[in-house]
*Asks:* 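Following this message is one structure expressed as structure tokens.
Sequential numbering from 1 along the given sequence is applied to the chain's residues. Atoms within a ligand are numbered from 1 in the order they appear, just like the ligands themselves.
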Amino acid sequence: MTAAAMSTGSSALLGVYRPAGPVFVAGEGCWLVSEEGDRFLDFTSGIAVNALGYGDAAVADAIRAALDSGVIHTSNLFRTRPAGELAEWLVEHSFADRVFFCNSGAEATEGALKFARRWARAEGHDDRTDVVAFRGSFHGRTMGALAATDRPAYQAPFLPLMPGVHFATAGDVDGVKALLAGGRVAAVIIEPVQVEGGVLPVPPAFLRALRAMCDEAGALLVFDEVQVGLGRTGTLWAHEQARVTPDLMTVAKPLAGGLPMGAVLLTERVAAALQPGDHGTTFGGGPLVASAALAACKKIGDPGFMAEVRRKSHEMANSLGALALSNPRVRDVRGAGMVWGVEVEGPAADVVARALEAGLLLCTAGSNVVRILPPLVASDDELRRGIDILDEVL
Ligand SMILES: Cc1ncc(COP(=O)(O)O)c(C=O)c1O
């Protein structure tokens with residue numbers, strides 16, 4: 001066992017991850033600090049979670065105040081203020097009328113799929129149980145979410161998964177129409193940007209076409225904004241840019257400032273089908289996480305903050321565009337706001353490993369796409385520095 005493994009007890013952790021690099025003991029803004037005192041510029045944001053970077057004062061204050069109350073958890077048998085206030089904030093700032101809180105992105109996917117089936121039954125369609133998902137999709141690792149995730153290698157060891165999921169191709173209107181024609185589809189689920197699938201923005205016109213097709217077929221439209229929701233693409237919700245709203249939306253990663261939390265946002269039309277006892281989760285919307293989330297949401301949702309994200313996103317688009325033109329190892333650059341994919345010659349994992357040695361934390365999105373997810377609070381200097389390191393490494 002290495003000294004690092006001994007000091008962190010990591011040999012006792014289930015081997016489903018292969019964590020790289022040093023042991024991190026501190027963080028500040030966009031930087032993580034190792035046990036040895038080395039500083040790393042973090043362009044992963046804990047996989048799109050740390051939108052406000054490390055040590056955000058508003059989130060820390062909210063957590064401290066929640067701790068001081070002594071009430072970390074009550075369960076949903078009882079009422080507490082933060083969950084209600086957070087739900088009201090989300091309703092005021094979205095298409096939704098109701099919110100269900102849970103603990104992760106995958107759990108939000110499960111909730112959305114269950115709510116869609118419950119709604120179809122309430123409408124008298126007992127046979128409307130199927131789901132249309134898309135090639136390149138990622139919705140989580142639990143049985144229902146994995147069934148809607150287009151990753152045969154992730155699925156194979158765990159078959160059989162939830163039945164009735166059909167995969168269509170983003171952009172293929174006729175393909176979706178054919179799947180909906182059978183009248184068995186309860187929900188169509190899509191990420192406005194397929195980040196895990198290689199940072200693939202879905203054309204806005206296709207999102208609008210899905211809205212029209214779902215309405216015609218009597219199916220619900222679910223947008224998975226777990227990775228791109230809450231400011232990542234330059235608007236509070238990615239789907240705003242397509243001028244279309246879903247019936248349900250899943251949100252998670254950046255929602256609670258680094259604490260685990262997910263949410264399903266719904267219209268009243270769908271919510272009306274859900275009765276007490278239909279669904280539940282012990283920890284969902286607890287006062288500690290909801291307090292942190294309210295602080296994070298208020299900060300991210302501030303119009304000035306979002307304007308700054310949009311300004312920086314243009315800078316990123318320009319710098320990465322220049323990188324694509326000047327660096328022969330770059331095949332393509334694509335993304336939106338502050339989530340970008342750089343498609344490279346050869347394995348992206350090699351680029352990520354070399355960047356780590358150079359002090360820049362990156363991750364992959366598929367075998368040859370390097371994923372860039374800086375905290376939304378990154379400064380112009382930090383963004384330039386990270387992209388310069390990537391250019392050198394490439
Ligand atoms: C679009 C999307 N949906 C769902 C999930 C699952 O979220 P979690 O890992 O919190 O279960 C992810 C995770 O990467 C995601 O990117």
*Asks:* Taking only distance into account, with no hydrogens and no angle test, what donor-acceptor pairs under 3.5 Å do side-chain atoms of residues 161-186 form with protein atoms, sequence neighbours excluded?
*Replies:*
from   : atom 1 : to     : atom 2 : distance (Å)
His166 : NE2    : Asp130 : OD2    : 2.8
Asp172 : OD1    : Asp174 : N      : 3.4
Asp172 : OD1    : Gly175 : N      : 2.9

*Asks:* Name the residue from Ile387, Leu320, Val370, Val369 that meets the side chain to side chain contact (heavy atoms under 4.5 Å, CB included) definition with Trp340.
*Replies:* Leu320

*Asks:* Give the residues near ligand 1 by chain and number, with the criterion being a heavy-atom distance under 4.0 Å.
*Replies:* Ser104, Gly105, Ala106, Phe138, His139, Gly140, Glu191, Glu196, Asp224, Val226, Gln227, Lys253

*Asks:* Validate the cation-pi geometry between Arg151 and Phe138: distance from NZ or CZ to the six-membered ring centre under 6.0 Å, angle to the ring axis within 45°.
*Replies:*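 Here Arg151 fails the 6.0 Å and 45° test against Phe138.
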
*Asks:* Is it true that Glu308 and Arg311 make a salt bridge, defined as a side-chain N closer than 4.0 Å to a carboxylate O?
*Replies:* yes

*Asks:* Enumerate the side chain to side chain donor-acceptor pair (under 3.5 Å) contacts for residues 280-298, please, sequence neighbours excluded, ordered by first and then second residue.
*Replies:*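 Side chain to side chain donor-acceptor pair (under 3.5 Å) check on residues 280-298 returns Asn103-Thr281, Glu107-Thr281.
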
*Asks:* With sequence neighbours left out, which residue pairs that include part of residues 229-244 fulfil the side chain to side chain donor-acceptor pair (under 3.5 Å) condition?
*Replies:*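 Non-adjacent pairs meeting side chain to side chain donor-acceptor pair (under 3.5 Å): Glu225-His239, Thr233-Gln241, Thr235-Gln241.
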
